[in-house]
Participant: 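Quick one: the structure is below, and I'll ask about it shortly.
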Amino acid sequence: MRIASWNINSVRTRPQRAVDLLAKHDIDVLCLQETKVADAKFPREPFEEAGYHVTCHGLNQWNGVAIVSKEEPEKVQTFFPGQPGFHKDTAKEQAREARAVSARIRGIEIWSLYVPNGREITDRHFDYKLDFLYALARYVETRAQSKLLLTGDFNIAPRDEDVWDMSLFRGKTHVTEPERAAFQMLEEAGLEEVTRRFTEEDRWTYFDYKSLRFQKNEGMRIDFQLASEPLAHLVQGAQVDMVERAGDKTSDHVPLIADFDVPDFASVR
DNA sequence: ATGTCACATATAATGTGA
């Protein structure tokens, strides 16, 4: 079973790239982040014409997540239990943003997650990011005994080698101790990151649009797939599709693909 | 090289966000 995760940075800007990706890799489930579209405007047709189901969760032009799957999801959840909200105006309601959607497919609870960026370490958004991760870890603790998969853009580089030049990142978001500790909380709650060990060569998942970062191979590893133990031991391999970052009108992130030995009971019958 | 993209809005230039 092939599960891919990709921060597409606007699904309306490049829907055909996503549809082509499904065919190119024969993807069973594609988790998208930063779709940047409200549900009513989501371009469902090209995915459905390709034979896929679309589960989307978008509230406005920001954030937005989706799960595109060959099989029809058995259960869908928007927001994870305990997910905190945010609004830049503290006088307004701190409403939850469209950063989490899940679908149960072939017995796996699969989440497409877009963790808050954090902006600057002195910004309220940074505290929001940490709160989001703490709440996520608490939810994981309740689900870690079954097959659970968190995919997406975590906006954290857990190790120094996950950025191309650590000296440029000290004091900035994505590499701070509290962010890395929060990521570790997810692991301590029962999850294992399953793609890293298969992607040592092409290890970046993100390249800034600015400063020719892709051309200079100056990237970051901030996208991951974290599986609970009952699923993690079924992982068979992982890869990034670096070709997807080349060419015109690309996302700034690269698709992250993982394979799991999960039987398709329907095909066995 | 902060110097690129994407989205929105009294559509044309600017604000927000990454």
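Lettering of chains follows the sequences in order, A, B, ..., and the numbering in each one begins at 1. Because the structure is predicted, anything quoted here is derived from the model rather than measured.
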Participant: Restricting to salt bridge (charged side-chain N to carboxylate O under 4.0 Å, His left out), what partner residues turn up for A/Arg14, sequence neighbours left out?
Facilitator: none
Participant: Decide, for B/dA12, between syn and anti: a glycosidic angle within 90° of 0 counts as syn, anything else as anti.
Facilitator: syn
Participant: Using the C1' atom in both, what is the distance from B/dC7 to B/dA13, to the nearest Å?
Facilitator: 14 Å
Participant: My understanding is that only residues two or more places apart in sequence, or in another chain, count here; which of them pass salt bridge (charged side-chain N to carboxylate O under 4.0 Å, His left out) with A/Arg138?
Facilitator: none
Participant: Can you list everything that forms a salt bridge (charged side-chain N to carboxylate O under 4.0 Å, His left out) with A/Arg203? Sequence neighbours excluded, please.
Facilitator: none
Participant: Expressed in whole Å, how much space separates the P atoms belonging to B/dA12 and B/dG17?
Facilitator: 25 Å
Participant: Which residue pairs pass the side chain to side chain donor-acceptor pair (under 3.5 Å) test when at least one of the two sits in residues 45-56 of chain A, sequence neighbours left out?
Facilitator: A/Arg44-A/Glu48
Participant: On a whole-Å scale, what distance lies between the C1' atoms belonging to B/dT14 and B/dT9?
Facilitator: 9 Å
Participant: Could you tell me which nucleotide pairs with B/dT16 by Watson-Crick or G-U wobble geometry, both distances under 3.5 Å, or answer none if nothing does?
Facilitator: B/dA6
Participant: Produce a footprint string for nucleotides 6-18 of chain B: one letter per nucleotide, 5' end first; B if the base is under 4.0 Å from any protein heavy atom, S if only the sugar-phosphate is, - if neither.
Facilitator: SBS-------BSS
Participant: Could you work out the separation of B/dG15 and B/dA10 based on their C1' atoms and round it to a whole Å?
Facilitator: 15 Å
Participant: Determine the interatomic distance between C1' on B/dT16 and the same-named atom on B/dT2; round to the nearest Å.
Facilitator: 16 Å
Participant: Return the set of residues passing salt bridge (charged side-chain N to carboxylate O under 4.0 Å, His left out) with A/Asp241 (not counting sequence neighbours), or none when no residue passes.
Facilitator: A/Lys24
Participant: Which pair of non-hydrogen atoms, one from A/Pro43 and one from A/Arg12, has the smallest distance, and what is that distance?
Facilitator: CD-CG, 4.1 Å
